[in-house]
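This structure is a prediction, so every number in the text was calculated from the model and none was measured. Order of appearance sets the numbers: ligands from 1, and atoms from 1 within every ligand.
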Amino acid sequence: MAVVKAFGTPSAASPLAAFQFERREPGPRDVHIDILYCGVCHSDLHQARNDWGNSVYPMVPGHEIVGRVIAVGAEVGKLAVGDIAGVGCMVDSCRHCAACQRGLEQYCEQGATLTYNDHERGSARLTQGGYSERIVVEERFVVRVDAGLDLKAVAPLLCAGITTYSPLRHWQVGSGHKVGIIGLGGLGHMGIKFAKAFGAHVVLVTTSARKAEDAKRLGADEVLLSTDAEAMRRHAGSFDFLLNTVPVGHDLNPYAALLKLDATMVLVGAITALEPPLQGYSVIANRRRIAGSAIGGMPETQEMLDFCAKHGIVSDVEVVAIQDINEVYERLLRADVRYRFVIDMQSLKTGSRA
Ligand code: NAP
Ligand code: ZN
Ligand code: ZN
């Protein structure tokens, strides 16, 4: 058992602070990773503060992990010491249900084991995430990362990247489609990059007029301000696909009105009640569909990383020290993010910001 330094929280009401805990000893199929960078997902904030009512403490958040392999078990085949590895939102699953057999571990019929805010399978030990020095993960749930990439900008691909790549692929978004990405934060900015790379006409649908210029730089062809009722009317019934990354319950009706005949809006952001209620008319008109999507399976996560390496796609990041994590959370709440915060884990290891 090895003690690792981390930042975590003992309760929903506490700020994150320095914390130590024990990682399990690596087994024969485990990869032991020294963490270099960890992205800050809005889910970290939701779970640290128990927004979803399912949090277990003490909690070390973080599921956008990039690091260097420092040891591998005897049966590990796909990674060696010195390789760069990634870990996302899951660290285990049942491995034999229909979903797991299809490489869709995120939809495991018995529930995937999350990287943090969960229990190791068959054990009372809590899983703890990437705001820590090192992590031990079974190789199925570790992906290979091209060492030539800008690693701090790769970290967010492990959640924000795969969560947007997967639905865009599943609904076969591409050339000739008018695609709306709702919300320009961590997920949204990756949604713009992927939709553009797949050949779509991309529209950012945002509450923040000040983000328009950045959206164009990231690849958006147009920007639609969702608070401008007249502009929303002009775009009504015109979208082939919408990817909704709004992190809280909100009124879906004005967004649904943007969909054309048979078009789909996929929710990836809000997991709690969507209020006010969806009006039946919002989906009956134009035979619209509203769907959801969770991260992506391990094979697709590797496919996404390989696609990014081939096409030079990474996140736009603001590097922060772990000591500033509580202020970072406040900025996320104000939608003040450009466009993913990433923690440089040197700050944890040395105990200083520099
Ligand atoms: P983020 O970086 O904080 O970005 C969210 C963006 O949504 C904001 O920047 C803002 O963009 C917009 N927004 C915020 N509040 C809004 C409101 N009340 N109404 C309309 N728009 C609003 O968050 P993120 O890390 O991208 O995560 C987004 C959500 O996805 C979170 O709830 C997270 O838990 C969830 N998530 C889900 C999955 C999954 O597997 N389904 C995976 C990862 C994360 P504008 O300023 O452009 O309006
Ligand atoms: Zn996430
Ligand atoms: Zn399963």
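Contact record, Ile295 with Ser166: O-CB, 3.3 Å, taken as the closest heavy-atom pair.
Residues Val40 and Leu332 are in side-chain contact: their nearest non-hydrogen atoms beyond the backbone lie under 4.5 Å apart. Residues Leu114 and Val91 fail the side-chain proximity criterion, which asks for heavy atoms closer than 4.5 Å. Counting only heavy atoms from C-beta outward, the side chains of Val320 and Val342 never approach each other to under 4.5 Å. Side-chain atoms of Phe7 and Ile322, non-hydrogen and from C-beta on, do get closer than 4.5 Å to each other. Lys216 has its side chain within reach of Val223: a pair of non-hydrogen atoms, C-beta onward, lies under 4.5 Å apart.
At a 3.5 angstrom cut-off on N or O pairs, Tyr339 does not count as close to ligand 1. Considering backbone and side-chain N/O of His250, none are found under 3.5 Å from N/O of ligand 1. In terms of polar-atom proximity, defined here as any N/O pair under 3.5 Å, Thr245 makes no such contact with ligand 1. Checking only distances, Gly188 never comes within under 3.5 Å of ligand 1, N or O to N or O.
Within ligand 1, counting atoms from 1 as listed, the ones closer than 4.0 Å to a heavy atom of Ile295 are 39 (C), 40 (O). Within ligand 1, counting atoms from 1 as listed, the ones closer than 4.0 Å to a heavy atom of Val246 are 16 (C), 17 (C), 19 (N), 20 (C), 21 (N), 22 (C). Near Ser43, meaning under 4.0 Å from any of its heavy atoms, are these atoms of ligand 1: 33 (C), 34 (O), 35 (C), 36 (N), 43 (C), 44 (C). Near Thr206, meaning under 4.0 Å from any of its heavy atoms, are these atoms of ligand 1: 45 (P), 46 (O), 47 (O), 48 (O). Counting atoms of ligand 1 from 1 in the listed order, those under 4.0 Å from a heavy atom of Ala294 are 40 (O), 41 (N). Close approach of ligand 1 to Val248 is summarised as follows: ligand atoms under 4.0 Å from at least one heavy atom of the residue are 18 (N). Below 4.0 Å from some heavy atom of Gly183 lie the following atoms of ligand 1, by number and element: 7 (O), 11 (O), 12 (C), 47 (O). Proximity to Thr207 (heavy-atom distance under 4.0 Å) selects the following atoms of ligand 1: 20 (C), 21 (N), 45 (P), 46 (O), 48 (O).
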**Verdict with reasoning, Glu300 to Arg102, per salt bridge (charged side-chain N to carboxylate O under 4.0 Å, His left out)** = CA-CA 11 Å; Glu300 193 174 42; Arg102 290 174 61 196; over 6 Å; no

**Prompt:** Yes or no on side-chain hydrogen bond (donor to acceptor under 3.5 Å, both in side chains) for Arg49 and Thr9, after CA distance, side-chain angles and deciding distance?
**Reply:** CA-CA 9 Å; Arg49 298 189 178 175; Thr9 181; over 6 Å; no

**Request:** Show your working on side-chain hydrogen bond (donor to acceptor under 3.5 Å, both in side chains) between Gln302 and Asp306 and close with a plain yes or no.
**Result:** CA-CA 6 Å; Gln302 187 66 61; Asp306 296 345; 3.1 Å; yes

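Among protein heavy atoms, atom 9 (O) of ligand 1 sits closest to Lys211 NZ, 3.2 Å. The protein non-hydrogen atom at the shortest distance from atom 8 (C) of ligand 1 is Ala335 CB, 3.8 Å. For atom 26 (O) of ligand 1, the closest non-hydrogen atom on the protein side is Leu187 N, 2.8 Å. Atom 4 (O) of ligand 1 has its closest protein heavy atom at Gly185 CA, 3.3 Å. For atom 23 (O) of ligand 1, the closest heavy atom belonging to the protein is His42 CB, 3.2 Å. Among all protein heavy atoms, the one lying closest to atom 2 (O) of ligand 1 is Gly186 N, 2.9 Å. Nearest protein heavy-atom contact of atom 30 (O) of ligand 1 is Gly269 CA, 3.3 Å. At the top of the distance list for atom 7 (O) of ligand 1, counting protein heavy atoms only, stands Pro247 CD, 3.4 Å.
Inclusion of Cys100 in the first shell of the Zn ion (ligand 3) is supported: an N, O or S atom falls under 2.8 Å. For residue Cys89, no N/O/S atom approaches the Zn ion (ligand 2) to within less than 2.8 Å. Residue Cys41: an N/O/S atom is found under 2.8 Å from the Zn ion (ligand 2).
For Arg24, the CZ atom sits in a packed shell: over 12 heavy atoms of surrounding residues, nucleotides or ligands are nearer than 6.0 Å. Other residues, nucleotides and ligands contribute more than 12 heavy atoms inside 6.0 Å of the CD atom of Glu330. Atom CD of Gln172 is surrounded by 12 or fewer heavy atoms from other residues, nucleotides or ligands within 6.0 Å.
For the ligand labelled ligand 1, residue Gly292 lies outside the 4.0 Å heavy-atom shell. A heavy-atom separation below 4.0 Å is found between Arg340 and ligand 1. Residue contact annotation: Trp52 has a non-hydrogen atom under 4.0 Å from ligand 1.
Contacts between Ser226 and ligand 1, counted as non-hydrogen atom pairs separated by less than 4.0 Å, are absent for every part of the residue. Contact annotation for Ile182 and ligand 1: no heavy atom of the residue comes within less than 4.0 Å of the ligand. Within the 4.0 Å heavy-atom criterion, the part of Cys159 lying near ligand 1 is the side chain and not the backbone. Counting heavy atoms closer than 4.0 Å to ligand 1, residue Gln106 contributes nothing at all. With a 4.0 Å cut-off on non-hydrogen atoms, Val268 touches ligand 1 through its backbone as well as its side chain.
The backbone N or O of Gln128 sits less than 3.5 Å from a side-chain atom of Arg23, completing a donor-acceptor pair. Of the possible polar contacts, one joining the Arg68 side chain to the Gly82 backbone as a donor-acceptor pair under 3.5 Å is found. The closest donor-acceptor contact from the side chain of Asp92 to the backbone of Arg121 lies at 3.5 Å or more, if one exists at all.
The aromatic rings of Tyr329 and Tyr131 are tilted relative to each other, their planes meeting at an angle between 30° and 60°. Taking the six-membered ring where the residue is Trp, Tyr165 and Phe198 present perpendicular rings, their angle passing 60° and hence far from 30°.
Test Lys193, Lys211, Arg338 against Asp316 for salt bridge (Lys or Arg N to Asp or Glu O under 4.0 Å) and you get one pass: Lys193.
In this structure, NE2 of His63 and SG of Cys159 enclose an angle of 110° at the Zn ion (ligand 2), rounded to 10°.
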